[in-house]
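Here is the structure we will look at.
By convention in this document, chain letters (A, B, ...) are assigned in the order of the sequence lines, proteins followed by strands, and residues within each chain are numbered from 1. These numbers were taken from a predicted model, which means no experiment stands behind them.
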Amino acid sequence: MRLKRIKGIKFGLLSPKEIRKMSASKIITPDTYGEDGFPIELGLVNQRIGVIDPGLRCKTCGGRMGECPGHFGHIELAAPIIHVGYAKMIYRILAATCRRCGKVLLGEEARAKFLDGIEQQKEKQADVGDVVKLVFKEAAKNDVCPFCDEIQKRIKYDKPTGYIEIDKEDKERRLMPTDVRERLEKIPDDDIPLFGMDPKNARPEWMIITVLPVPPVTARPSITLESGQRSEDDLTHKLVDIIRINQRFMENRDAGAPQLIIEDLWELLQYHVSTYFNNEIPSIPPARHRSGRPLKTMTQRLKGKEGRFRGSLSGKRVNFSARTVISPDPEIEIDEVGVPKDIAKELTINVNVIERNLEAIRETLKRGSEHPGANYVRRSDDKKVKVTETNHELLAEELGVGWKVERHLQDGDIVLFNRQPSLHRLSIMAHYVRVMPGRTFRLNPTVCPPYNADYDGDEMNMHVLQTEEARAEAKILMAVKRNIMSPRFGRPIIGGIHDYITGLFILTWGEKRFEKEKAQDMLHKINIHDLGEPAGSFESSSGIQVPYWTGKQLFGRILPKQMDLQFRGVVCEKCIERGEKCKKENCPREAYVVIKGGDLVCGVIDEMAIGSFKGKIIEHIFRLYGEDEAKKFITDSARLAINCIKQSGFSFGISDEDIPKEGKAQIREEAVYAAEHKVEELIRAYDAEELEALPGRSLEETLELLIMQELGRARDDAGDIAERYLGIENAAVLMAKSGARGSMLNLTQMAACVGQQSVRGERINRGYQGRTLPHFKSGDRRAEAHGFVRASFKDGLTATEYFLHAVGGREALVDTAVRTSQSGYFQRRLINALQDLEVKNDGTVRETRGTVVQFKYGDDGVDPSKSECGKVVDIDEIISDIVEVDVGA
Amino acid sequence: MKKETLSILGHELVSEHILMDESEVKELLDKYKIRKVQLPKIKVSDPAINGMGAEVGDVVKITRQSRTAGKALSFRLVME
């Protein structure tokens, strides 16, 4: 076939002439295959319109299956049929043209004006739709033709494909497609541009179908079921219907059947052709398969998410990919992915055999389909051979330079790893393969945050890169260690989560002493064998001096030597904001972290130090020592944390929510009862009309607001009291304070008081008139009656509390469901609009035509992932680096 | 007959719009190696443009307060 260059694309309607011209065969028989198993001549699976059976040749182009692209056929319809897709347009044109002379019902002047308007729009390459709309509107107003003085009748559009003409005496007459076509034929070419159409490419009468094009069989292949039975495509089924009715129509007409029967058949033919184009037309029942399933016809093939455009053209399926459940493996590196052996054996990488890798590949080939083996070889004569049990040793012997081998995925290969929804670029990163037993992908838990993954059954995809260029690009741009810093907020997105934070918190909190054995146990697995000088020694029971190391000291071992850093952790209570002085090194909560010369001098390691999203230490190491050092620190800190937490163990149970009796009483008296009492006071004041309205609010709103405030405070108070009884040794408090998981609010609700339930920011006010439940009196404004839950989750809720809690809970559930779908769609729109923008070398942001969008990227030209938290420079840090004084909060 | 309109320039919430003269425009276009039509656009009917009496084809310099950079410059071509 000759190569041709595309000069332009023309849209228009197919004329009957064109359809016949491009048709390779007339289709007359509704049958597909004959008894001999071969396609029937002039049938729907015609050998002239394409081949789908192996071994047969196309009678039009001579191509075999796969070579012949298919050719259109055609059906001569016994009577014209309205094309549903253009039914509305036909109606507009009918209403806008004269019923006798066919001219557009506009005076010369108006006609010229509109033609000029359309011409202008075309010159600007703008949409002519608005002008055309006006043409139809104006023309339909005239009820006398300005050219032939014919009095026009009103046209009614009878959905989906009927037109009724109504005259002055309200007498109705149905226009048959033949009548409609006759009228459209009369419209002069000069008038057609007024409809926004080009008479050369689209005459209005072509919207009425007289000849139906039949798509090639390659576009509607039949499939052979396992039972050997053939199952035809939905489109073929529909075409069979059309041909059957078409035949019956002809037979009846030739036999001189009564008009009534003819019209019925005509309508039936119209129905079949309509549903052939679109099987989801409102007001007509969809055509169904024998099984009752609606047929998937033309429109359904193109439309929607799984349609040809969104499903097949914009989004495609790929080879060399795998998908399975993910599970954690803290032992592998952060930029590795554990790949099940079965997957590694299925996915291959193509290698060219050269002198230097000849022997290595020979070894691979010798193993055949045993794991690090190969699946296929392509010999130097370009013949592809499958590697089998019987031939792999022979192939290995024959192997020579110039062969290509599709070898199994091996340790160290680079692959892309992805979790949907791919909301940012970190949702696809490059990992190194590590082949493992089992059936799941293994993932280091520290890389969960960028993927937003957890292990409750999440599945992820893996793509094997096939070219050297792709591998190089992935290594340089997409590797995990390259993406430790988030391009969104300029902080590490990879870092410790959950137990990693807990572990290091336990290790560095206070002064924990570890004997040599335990200290080494924690560090030797991360290849640190030098413990440094012991912090001191204590006397053992047998009277010997035993040296010990502190937890802070051990943590310092994994820091780069000579590293200096100061910051405040998440345990900081923000003394400065409250106007007090920061106690710094003497902070009772150890919130002030000082690292000097690679040693943790003071402070406790929490989320702010090593957590993802915060991770000050990770950030510092990344910027000063580079990505490899940062990666090493992340793995080391994760392993140290695990080794530490393993020594003491860490768990949380029901008893951790226990508060001593006096605490319980205090919560009840000081928080709950006090607040309820105050609420009753407020209600009394309101009833006595002593309450003063807040600015801009009604009295009632004021009361609600004050009650809400009071009850909100009650829960906080309850939480504070509970906190006093639950120390840092409580697992939940430790997790909440260190930032590992959960919040103090979660704990408050479990241990002290669940608090006020709300719907739309107000107390619960729905249910019956004046009350939420029959348990309360109408008009009861007390806390209890509007969803204040005084119990804690551990104590258990009363029946009414439970119900009102469910009411509030439902809103939260609905909210998340609605929010995710809305923000998802919003992001889709945003990405579609912005995807082609590019930052050019001169710092400008431009779109594809070179039009400037921003003169400087983000106004300041800063890449957040390469900046100090999105700022150009961190002045505070620079100053404190030089003059050794702490500035700012 | 031009309708009297209230000029919004000078209001604290309206960024500073300055009409650029030809030499300035040339310098700008040379700096970014672009043609005039590749500049971002602003409509003549925009209240800010309306208020300063700029015409189609003029270029205005807009100085905006920016959260990231303090002050940010932008240049827009006045269009229909």
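Scanning all heavy atoms of the two residues, the minimum distance from A:Leu115 to A:Pro193 falls at CD2-CB, 3.9 Å.
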Under 3.5 Å, which donor-acceptor pairs link chain A and chain B? Put them in a table for me, please.
unit_1: A:Arg846; atom_1: NH2; unit_2: B:Tyr32; atom_2: O; d: 3.0
unit_1: A:Arg849; atom_1: O; unit_2: B:Gln38; atom_2: NE2; d: 3.1
unit_1: A:Val852; atom_1: N; unit_2: B:Gln38; atom_2: O; d: 2.7
unit_1: A:Gly858; atom_1: O; unit_2: B:Thr68; atom_2: OG1; d: 2.8
unit_1: A:Asp859; atom_1: OD2; unit_2: B:Ser66; atom_2: OG; d: 3.2

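Proximity to chain A is limited to the side chain of B:Ile34, based on heavy atoms less than 4.5 angstrom apart.
Between the CZ atom in A:Arg425 and the CG atom in A:Leu477 there is a gap of 8.5 Å [rounded to 0.5 Å]. In this structure, the separation between OG on A:Ser612 and CD1 on A:Ile610 is 9.5 Å, given to the nearest 0.5 Å.
Here A:Phe622 pairs with nothing under the ring pair (Phe, Tyr, Trp, His ring centres under 6.0 Å) rule; sequence neighbours left out. Partners of A:Arg819 under the side chain to side chain donor-acceptor pair (under 3.5 Å) rule, at least two apart in sequence or in another chain, do not exist in this structure.
Sorted pairs that involve residues 831-853 of chain A and meet ring-ring contact (aromatic ring centres under 6.0 Å, His included), not counting sequence neighbours, are lacking altogether.
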